[in-house]
Amino acid sequence: MKKVSKGVFPKKFFWGGAISANQSEGVWNSHGKGPSVADIMMCSKNKDNKNSIITVESIKKNLNDSNNNRYPKRQGIDFYHNFKEDLEIMSQMGINMFRTSISWARLFPRGDESEPNKEGIEFYRKLFQSCKEKGIEPLVTLSHYEMPIYLVNFYGGWKNIKLIDFFVHFCEVVLNEFKGLVNYWITFNEIDSVLRHPFISAGLINEDQTIKNMYQAMHYQYLASAKVVKLFKKEDPHIQMGCMTTGLMTYPFTCKPEDVLIAQKSRHYMYLSCDVQINGRYPISMERYLIEELGVNISEADKKILSESKCDFLAFSYYMSITQGNDKNQQQAYGNTISGIKNPYLESSDWGWQIDPLGLRTLCQDLYNRYNVPLFIVENGLGAIDHVSNLGLIEDTYRIDYTEKHLIQLEKAINEDYIDIMGYLAWGIIDIVSASSAEMEKRYGFIYVDIDNVGKGTGKRIPKKSFYWFKKVINSRGRNITTDKEIGGE
Ligand code: BG6
């Protein structure tokens, strides 16, 4: 029997960080890359920001706007040119996994071509090779809010069934090019988010954002994901395929039955994507609702495809919990593109996201007991405003505190609750542009990047206090996770 050592993370555990292509790479419309949905998103601090209004005209207008400083994702942190140096700094922390995504628009600028952009292929080949050389296992997301904008303009986004074949073709090429270099994959980042932000997740413009279209688009993504999982596993059974959801621990605001019902509905929504991608089928009630009430096109052949392909692990992001109830007068909390009632027992981040480390443990229990597959925390972190001191130091004790509290609960989930957890990846291990607000000011990294909301700055990388703290945590396998206020450098 496998023995657990309380207080210590397992020997076989992935420690690392995660970013996405569209929030980091830059080089948005050169070196063969086409524009993606991310490249038209304005910084939330920009007074002209109308990211919530996405029409054919607004897409055209933003694409023609050559003032890149208004669109921070176009420049990211120029990871495209700096990835070697960035990996080198990251590796000094002792990480053994790095998660990023492959930009579909970098390999297929329009999305529907048959031949890929060779320069894009070479970029990712070098990136994954560099990871391997440093003993860092890449975990690669195949779709992370960055579909080619051409697929929106000419096909209407994921409500169009044709996107399945385009996406599968993109993945086939990726598999052929990078097999042997990448063994861990996630098909869609937070696939459930189609309902929360239908444009960046599925390329649906405002007039197409009906409930039916959103579920249809999500269904087509499930099918695409199932086909890709099957394809990759057939090619190499050792490859590990993950599905990913937005990990949201959900509480009823009170024990009033109405609140409990609302909270339960919200939880069932979170389960949906895991049910489909891990169990290989929709829950019966959901399937009936989608087909009978909304008229979503889900055929018997589709169901067969879903049933033949199951993910190996369940990956999720975890930043916060939400509280649901039916009292409209309660103060609202903000969150990861979802809001709920403010939970009086929790503190909030500068962006109003409610910090709930214990919720992570409860969520792990919930998901593991429901799905019985290994779990993987592929995003967790604190978005905060960092200040660089006159001495050039970034004293982010708040980030250490946040991460430490989550790791303490994770260790308990592993050793006290007997949950199989593959690893922990800190979101934005290096500062990148925020996904929801397209700003640099909201930073998650253990490594500071000197760029501001309008692209000004030297681009210099500076390890923050949390960098040295995380290094110690990894080196000791979390043996003595402490918020060591004295850690300031080496
Ligand atoms: C996750 C996304 O939901 O949240 C990331 O997968 C994103 O892409 C992260 O960056 C944090 O959200 P934000 O909006 O603060 O960047």
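Counting starts at 1 for both ligands and their atoms, in listed order.
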For this session: Using the six-membered ring of Phe123, assess whether NZ or CZ of Arg106 lies under 6.0 Å from its centre and within 45 degrees of the ring axis.
Result: yes
For this session: Decide whether Tyr424 and Asn380 meet the rule of one side-chain donor and one side-chain acceptor closer than 3.5 Å.
Result: yes
Exercise. For Lys230, what residues pass the salt bridge (Lys or Arg N to Asp or Glu O under 4.0 Å) criterion, not counting sequence neighbours?
Worked result: Glu308
Exercise. Does a side chain donor of either Asp65 or Asn67 reach within less than 3.5 Å of an acceptor in the other side chain?
Worked result: no
Exercise. Of all residues at least two apart in sequence or in a different chain, which pass the ring pair (Phe, Tyr, Trp, His ring centres under 6.0 Å) check with Phe9?
Worked result: Phe13, Trp15
Problem set entry | Glu379: partners by salt bridge (Lys or Arg N to Asp or Glu O under 4.0 Å), with sequence neighbours left out | Arg99
Note every protein N or O atom lying under 3.5 Å from an N or O atom of ligand 1, pairing the names and giving the distance.
from, atom 1, to, atom 2, distance (Å)
ligand 1, 3 (O), Glu190, OE1, 2.7
ligand 1, 3 (O), Glu190, OE2, 2.7
ligand 1, 3 (O), Asn336, OD1, 3.4
ligand 1, 3 (O), Asn336, ND2, 3.1
ligand 1, 6 (O), His144, NE2, 3.4
ligand 1, 6 (O), Asn189, ND2, 2.9
ligand 1, 6 (O), Glu379, OE1, 3.2
ligand 1, 6 (O), Glu379, OE2, 2.8
ligand 1, 8 (O), Gln23, OE1, 2.8
ligand 1, 8 (O), His144, NE2, 2.8
ligand 1, 10 (O), Gln23, NE2, 2.9
ligand 1, 10 (O), Trp427, NE1, 3.0
ligand 1, 14 (O), Ser434, OG, 3.4
ligand 1, 14 (O), Ser436, N, 2.8
ligand 1, 14 (O), Ser436, OG, 2.4
ligand 1, 15 (O), Lys442, NZ, 2.6
ligand 1, 15 (O), Tyr444, OH, 2.5
ligand 1, 16 (O), Ser434, OG, 3.4
ligand 1, 16 (O), Ala435, N, 2.7

